[in-house]
Amino acid sequence: MNEILIGILGAILGSVATHFLQQYTDKQNKQKKKILTNEIITALSPEKNYKKAEELLGLPDKIFEDFSEIEKNNEEYKFESSLYFLTNAYLKITTIDKQSIHAISILSYDNNLILPFFDENIHQNSLGKTKINQEMIDNKFVEVIHSFTVRESVIILKQNIGAPFYKTMSYFCDGSPSETINDLLDRPISGFCLSNFDDIFYIHNYDLR
């Protein structure tokens with residue numbers, strides 16, 4: 001009888017120890033979140049290997065079916081995104097075929113992250129410093145897109161990039177649906193999406209749940 005009780009007690013203590021060990025491991029893993037760097041952004045640009053993200057950053061925090069802000073493209077393609085909650089950024093990697101990267105989206109105010117396709121001789125081109133300037137407002141090739149839900153509202157400045165890149169570059173900034181591009185002067189840029197084709201993938205609040 002005593003041996004049975006000892007066995008039961010041992011099993012209970014082992015289960016409790018396993019539980020606390022798992023909690024400790026989870027806490028340690030959270031504390032070891034990766035930091036997004038410009039080198040990682042370059043390595044995960046569109047057309048690169050989709051599995052490269054896991055090699056560099058480990059398993060994503062979320063994987064889900066996603067939808068482009070360009071609604072007509074959702075009828076033709078099925079998109080899947082991997083979302084990473086990093087120390088200095090939210091990072092979304094989107095694919096169509098699970099083989100190659102279709103788009104990379106980033107939200108961050110890290111001054112060390114360079115905003116692609118800005119002329120560094122003219123602009124402060126980091127995500128923490130760059131603001132919408134008059135050049136962008138006057139650029140006839142920049143398209144303004146509003147994306148909003150009950151809980152959030154973002155303005156997207158979209159521009160198709162020609163040779164040799166042939167990509168779509170989109171910048172994100174906070175704004176209301178009633179605002180036009182002329183209202184955006186000196187508005188901070190909080191993120192971007194670089195994609196193939198004519199797509200934009202924003203990182204919405206509901207993506208982060």
Side-chain angles (χ1 to χ4, degrees), residues 36 38 41-42 44-46 66-77 79 81 83 85-86 88-94 101-209:
L36 185 64
N38 294 305
I41 293 174
T42 300
L44 300 180
S45 58
D66 209 353
F67 301 92
S68 173
E69 300 293 331
I70 309 302
E71 293 185 2
K72 63 180 177 65
N73 292 348
N74 294 320
E75 300 173 5
E76 185 174 355
Y77 300 103
F79 303 105
S81 287
L83 187 61
F85 301 166
L86 304 174
N88 59 337
Y90 293 118
L91 168 67
K92 178 188 279 189
I93 304 294
T94 304
I101 294 172
H102 179 65
I104 177 173
S105 305
I106 293 168
L107 286 181
S108 176
Y109 283 103
D110 188 338
N111 291 343
N112 294 312
L113 296 181
I114 302 300
L115 193 62
F117 300 109
F118 264 70
D119 185 345
E120 62 183 353
N121 296 318
I122 301 174
H123 305 291
Q124 293 180 308
N125 61 339
S126 76
L127 273 173
K129 296 179 180 178
T130 306
K131 298 180 180 180
I132 305 297
N133 57 45
Q134 196 63 47
E135 265 184 73
M136 295 185 69
I137 291 174
D138 295 337
N139 188 336
K140 64 180 181 180
F141 297 108
V142 171
E143 179 183 355
V144 178
I145 298 172
H146 293 84
S147 178
F148 56 93
T149 66
V150 174
R151 298 180 181 275
E152 64 180 343
S153 180
V154 63
I155 294 178
I156 301 169
L157 302 183
K158 169 179 170 287
Q159 183 177 6
N160 294 325
I161 306 297
F165 302 104
Y166 297 108
K167 301 286 187 290
T168 293
M169 187 72 222
S170 300
Y171 304 119
F172 307 138
C173 63
D174 294 333
S176 67
S178 62
E179 288 183 301
T180 68
I181 192 169
N182 293 314
D183 299 315
L184 303 180
L185 184 63
D186 291 331
R187 191 75 55 86
I189 294 176
S190 58
F192 67 88
C193 174
L194 179 62
S195 71
N196 280 330
F197 309 152
D198 192 36
D199 283 310
I200 307 168
F201 298 90
Y202 184 64
I203 302 175
H204 290 278
N205 283 344
Y206 54 75
D207 291 335
L208 304 177
R209 294 200 294 263

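For the numbers below, each heavy atom of this structure counts, side chains included, while hydrogens, waters and symmetry mates do not. No experiment lies behind these values; they were computed from the predicted model shown.
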Shortest non-hydrogen separation from [X] to [Y] and the atoms involved:
X	Y	answer
Ile132	Ile189	CD1-CG1, 3.7 Å
Ile70	Asp198	CG1-O, 2.9 Å
Ile106	Leu36	CD1-CD2, 3.7 Å
Asp174	Tyr109	OD2-OH, 4.3 Å
Asp183	Thr180	OD2-N, 2.8 Å
Ser108	Leu113	OG-CD1, 3.6 Å

Ring centres under 6.0 angstrom apart (Phe172, Tyr202): yes

With a 4.5 Å heavy-atom cut-off, do [X] and [Y] have their side chains touching?
X	Y	answer
Pro188	Thr130	no
Leu83	Ile203	yes
Thr168	Asp199	no
Met136	Tyr171	yes
Ser195	Ile200	no
Phe67	Phe79	no
Phe201	Asp66	yes
Phe192	Leu127	yes

Could you tell me whether a side-chain N or O of [X] sits under 3.5 Å from a main-chain N or O of [Y], the two making a donor and an acceptor?
X	Y	value
Asp138	Glu135	no
Asp110	Asn88	no
Ser45	Thr42	yes
Asn160	Lys167	no

Side chain to side chain donor-acceptor pair (under 3.5 Å) assessment of Ser153 paired with Ser176: CA-CA 6 Å; Ser153 180; Ser176 67; 5.8 Å; no

Out of curiosity, [X] [atom1] to [Y] [atom2], how far, rounded to the nearest 0.5 Å?
X	Y	atom1	atom2	result
Cys173	Leu157	SG	CG	5.5 Å
Ile101	Ile93	CD1	CD1	5.0 Å
Lys129	Asn111	NZ	CG	5.5 Å
Leu44	Leu194	CG	CG	11.5 Å
Leu185	Lys131	CG	NZ	9.5 Å

Contacts of Glu75 that satisfy side-chain contact (heavy atoms from CB on, under 4.5 Å) - sequence neighbours left out: none

Working for side chain to side chain contact (heavy atoms under 4.5 Å, CB included), residues Tyr90 and Leu208: CA-CA 9 Å; Tyr90 293 118; Leu208 304 177; 3.7 Å; yes

Derivation and outcome, side chain to side chain donor-acceptor pair (under 3.5 Å), residues Ser68 and Asn73: CA-CA 7 Å; Ser68 173; Asn73 292 348; 4.5 Å; no

Salt bridge flag under 4.0 Å for residues Lys92 and Asp207: yes

List the atom pairs, with distances to 0.1 Å, where a side-chain N or O of residues 141-151 and a protein N or O form a donor-acceptor pair under 3.5 Å, not counting sequence neighbours.
unit_1: Glu143; atom_1: OE1; unit_2: Lys158; atom_2: NZ; d: 3.4
unit_1: His146; atom_1: NE2; unit_2: Pro177; atom_2: O; d: 3.4
unit_1: His146; atom_1: NE2; unit_2: Glu179; atom_2: O; d: 2.7
unit_1: Ser147; atom_1: OG; unit_2: Glu69; atom_2: OE1; d: 3.0
unit_1: Thr149; atom_1: OG1; unit_2: Arg151; atom_2: N; d: 3.3
unit_1: Thr149; atom_1: OG1; unit_2: Glu152; atom_2: N; d: 3.3

Residues Ile155, Ile181; criterion side chain to side chain contact (heavy atoms under 4.5 Å, CB included); working and verdict: CA-CA 9 Å; Ile155 294 178; Ile181 192 169; over 6 Å; no

Candidate pair Leu91 and Phe85, rule side chain to side chain contact (heavy atoms under 4.5 Å, CB included), full reasoning: CA-CA 7 Å; Leu91 168 67; Phe85 301 166; over 6 Å; no

Whether over 12 other heavy atoms sit under 6.0 Å from Gln134 CD: yes

